[in-house]
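Heavy atoms only: backbone and side chains are in, while hydrogens, waters and symmetry mates are out.
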Amino acid sequence: MLLAIYGIFFYQQEEFRHYKALISTRLSSEISASFQQANDLAQSPGVWTGLTDSVGRASYLLPLLEKSNQNKYYKFDLLDYRGRFFIHSSNAVGLLLDNPSNIQRTIDDSQPHLEVVSIDQTDYLTASMPISANFTDSTLGVVLLHMDLDKIMTTLNFPDDLNIKFSLSPFVETASDLSKHSEAFKFEWNDDGKDYAIHIQLQQSYLSAFLFVMTGLGASLACGGLLFFGLRRWTRLFSERTTRRLDDLVQLASDTFGHDQGDEVIRQIAQHLKAKLPTGNFLCRRSGDEFIAVLDVHEPIADFQDKLKLIFKPAVFNVNHMGTVHITATFSAGAALFPDHSRSIHELLIYADTALLSAKESGRNQIQWLNAQMLAATSRKTKVDSKLAVAIREGRIFPHYQAEVDLLTGKIIGVEALARWHDEELGMVSPAEFIPLAEQSGAIDPLTQNLFAQIIQDSRAIRTRFPGATIALNSSPQLLSGKRLLTMLTHLASELDNGLDGFVLEITETDFALSAQELASQLQAIMGLGVRIAIDDFGKSYSSLFRLASMPIQKLKIDMSFTAGMEREENIKIISGILALAQSLRLEVTAEGVENRFQQDTLIKLGCQQAQGFFYSKPLSLQELLTLPDHLVPAKTP
């Protein structure tokens with residue numbers, strides 16, 4: 001009898017050990033994914049823009065919520081700075097929450113907090129995370145994550161009599177119930193440098209195991225043989241259940257499939273396409289998960305397009321990975337027609353790729369047919385690419401200059417050099433068209449070298465006409481790697497008597513993807529040549545304030561999107577925040593994109609001192625720049 005009781009107790013302990021391992025693994029996976037998504041929402045410029053826009057709030061936030069609330073185990077809600085549910089999303093659970101106390105704690109201290117709440121006997125883990133922006137220290141709102149703990153537990157297929165409870169505080173031990181086995185443990189995790197923990201209690205009745213063993217013992221009194229076979233069956237069941245739990249644990253701990261499973265999915269996709277595509281097709285695998293299909297069209301093209309739409313729908317494939325796993329695949333496709341679009345197989349492939357890219361950019365899981373707009377864009381891109389090398393070599397890409405003024409006086413205090421290219425066939429080619437192509441082809445180095453050389457040559461005339469004016473240069477982030485930009489500027493500095501004094505290098509916030517040490521080292525060396533450093537388009541992206549304060553920079557240029565939207569209160573707040581930040585770091589500030597007197601006067605009231613935009617001057621050739629007066633559109637007295 002004592003041996004049987006001990007066996008029951010030992011069996012239950014082993015079961016609970018596996019239960020706890022499964023629960024920890026499952027929770028770790030869901031919590032990691034949900035907290036990452038919550039952090040992304042809390043740091044999203046789109047979220048804090050929506051929170052500060054009382055009129056267009058829903059247009060910003062509802063699409064974000066709809067996209068975020070795709071997981072069936074956890075959902076998100078967005079609250080304002082007082083913790084109110086002011087966005088009515090399709091998520092009904094969030095509206096049932098009775099204002100968990102962690103929301104108020106987050107509002108008070110701008111820190112993430114947890115709470116376990118129960119709705120209709122369902123346990124939810126709620127996490128409140130502050131929404132903050134890099135232009136203010138106050139909390140703009142709260143991201144509320146609520147995770148359905150009970151639904152997550154049902155995926156583990158535990159026995160019906162296993163009771164699981166959750167709490168933020170340790171469970172208090174009470175008088176033990178001899179009919180139940182009870183254990184509690186602490187589940188801990190770390191997110192963004194902060195430690196979290198919840199307490200989990202497991203309870204399960206001894207009754208089924210006890211009755212089984214007692215029946216076996218009773219039978220053993222009548223027949224020793226029955227006891228032997230009963231114990232053997234019990235041992236086998238224990239072994240099978242333990243093995244199954246371990247298999248489940250290993251499967252849950254696996255994040256990815258192997259190459260064999262990937263190859264199997266590719267084979268099944270090929271078979272699916274071969275079977276679904278119209279008869280007479282030629283199908284081949286291009287690379288990775290891309291296929292090329294050549295189809296004969298023997299019917300009106302509109303009917304054929306409708307037929308293909310039905311083919312490119314999500315499909316489910318089965319692979320063996322610790323059991324049978326169901327994989328859902330979606331298809332994005334691009335199509336071009338022969339001979340309508342081209343008689344060349346090479347061009348048809350390019351055009352089909354163009355349509356495929358459009359399908360991916362339009363949300364995937366669809367087929368896009370080449371149209372006139374895509375065709376024109378591809379044709380122009382091809383022509384720009386083919387003409388770029390000659391244009392660089394023959395100096396057809398040249399600098400224009402846009403004036404930068406003192407807001408109070410209108411005096412020209414600097415100019416920014418901007419690349420311009422006019423082609424006889426293509427007309428004006430925007431830097432947005434040819435700079436990426438130059439970066440892809442490796443032509444960015446000679447292009448920048450030629451432009452900088454022309455700017456250095458023009459600088460003598462500019463400084464004679466506008467004494468003391470700075471000259472700003474823009475550089476591709478690619479040139480920071482390998483110190484190519486530093487080498488280029490060092491060579492140019494040797495050609496001037498005063499080096500590069502009076503020149504400003506403008507970089508963008510995205511350039512901060514470099515390591516802080518590498519970026520700071522290069523910028524310090526460039527500053528040693530006399531060059532000042534400015535961050536261009538500031539506020540368009542977002543950077544760590546710590547890194548911003550540690551970088552050797554002297555100037556910020558406010559992105560023109562904020563200036564253009566100054567009739568909106570949130571943009572006024574953003575600009576004010578940037579000005580306050582710059583003042584604390586002792587940085588100059590120039591507002592870009594000023595196009596009217598209202599924007600100018602508002603900037604003056606906010607304390608901005610420098611501006612640039614069409615209200616003063618568009619980018620001009622050197623000859624046109626030199627004809628400008630010393631002062632442009634003097635400001636009203638504030």
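The main-chain N or O of F76 is found under 3.5 Å from a side-chain atom of N69 such that the two form a donor-acceptor pair. Checking side-chain atoms of K75 against main-chain N and O of N71 turns up a donor-acceptor pair under 3.5 Å. Under the 3.5 Å distance criterion, the side-chain polar atoms of S32 are left unmatched by any main-chain donor or acceptor of S29. A donor-acceptor contact shorter than 3.5 Å links the side chain of T106 to the backbone of Q111. In this structure, N571 contributes its side chain and G565 its backbone to a donor-acceptor pair below 3.5 Å. A donor-acceptor distance shorter than 3.5 angstrom exists from the side chain of Q554 to the backbone of I533, with no hydrogens or angles considered. For the pair S118 (side chain) and D123 (backbone), a donor-acceptor distance under 3.5 Å is absent.
A salt bridge links K557 with E506: the closest approach of a Lys/Arg side-chain nitrogen to an acidic carboxylate oxygen falls below 4.0 angstrom.
Ring pair F331/H272: centre-to-centre distance below 6.0 Å. Aromatic rings from F185 and F16 are positioned such that their centres are separated by 6.0 Å or more.
Taking CG from L356 and CD from E290, the interatomic distance works out to 6.0 Å, rounded to the nearest 0.5 Å. Here T126 contributes atom OG1 and D77 contributes atom CG; the two are 11.0 Å apart, rounded to the nearest 0.5 Å. Taken from OG in S205 to CG in D160, the straight-line distance is 12.5 Å, to the nearest 0.5 Å. Rounded to the nearest 0.5 angstrom, R568 CZ and K573 NZ are separated by 12.0 Å. Here OG of S24 is found 6.0 Å from CD1 of I200. Values are rounded to the nearest 0.5 Å.
Inter-residue side-chain proximity for Q204 and P159 is flagged as met; some heavy-atom pair is nearer than 4.5 Å. Inter-residue side-chain proximity for I507 and L523 is flagged as met; some heavy-atom pair is nearer than 4.5 Å. Within the 4.5 Å cutoff, side-chain heavy atoms of F291 are placed close to those of I269. For the pair L505 and S475, the minimum side-chain heavy-atom distance is below 4.5 Å. Within the 4.5 Å cutoff, the side chain of F187 has heavy atoms near those of the S28 side chain. A heavy-atom distance below 4.5 Å is not found between the side chains of F562 and E592. By the 4.5 Å heavy-atom criterion applied to side chains, D108 and Q104 are counted as neighbours. With contacts defined as side-chain heavy-atom distances shorter than 4.5 Å, the pair I558/V589 qualifies.
Under 3.5 Å, the side chains of N39 and D191 contain a donor-acceptor pair of N or O atoms. There is no side-chain donor-acceptor pair under 3.5 Å between Q522 and Q524. Between the side chains of R105 and S128, no donor-acceptor pair of N or O atoms lies under 3.5 Å. With 3.5 Å as the limit, one finds no donor-acceptor pair spanning the side chains of H199 and Q201.
Of the candidates L581, I575, I574, I574 is the only one forming a side-chain contact (heavy atoms from CB on, under 4.5 Å) with I578.
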Kindly indicate, with the supporting measurements, whether the criterion side chain to side chain contact (heavy atoms under 4.5 Å, CB included) is fulfilled by L78 and I131. CA-CA 9 Å; L78 295 175; I131 301 172; 4.1 Å; yes
Test H113 against D109 for side chain to side chain contact (heavy atoms under 4.5 Å, CB included), laying out the working first. CA-CA 10 Å; H113 290 283; D109 62 12; 2.7 Å; yes
Stepwise salt bridge (Lys or Arg N to Asp or Glu O under 4.0 Å) check, E183 with K20: CA-CA 10 Å; E183 290 186 23; K20 289 187 283 187; 2.9 Å; yes
Should D148 and Y124 be marked as a side chain to side chain contact (heavy atoms under 4.5 Å, CB included) after you check the CA-CA gap, both sets of side-chain angles, and the distance that decides it? CA-CA 5 Å; D148 190 331; Y124 291 89; 3.9 Å; yes
Derivation of the side chain to side chain contact (heavy atoms under 4.5 Å, CB included) call for N163 and L202: CA-CA 6 Å; N163 185 26; L202 308 178; over 6 Å; no
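Applying the side chain to side chain contact (heavy atoms under 4.5 Å, CB included) rule to M147 yields the partners E30, I31, S34, Y74, L125, L149, I152; only residues at least two apart in sequence or on another chain are considered. Residues passing the side chain to side chain donor-acceptor pair (under 3.5 Å) test with E115 are S101, sequence neighbours excluded.
Considering all non-hydrogen atoms of both residues, D150 and T122 come closest at OD2-CA, 3.2 Å. Scanning both residues, S110 and P130, for their nearest heavy atoms gives O-CG, 3.4 Å. Shortest non-hydrogen contact noted between M153 and F158 is O-CD1, 4.3 Å.
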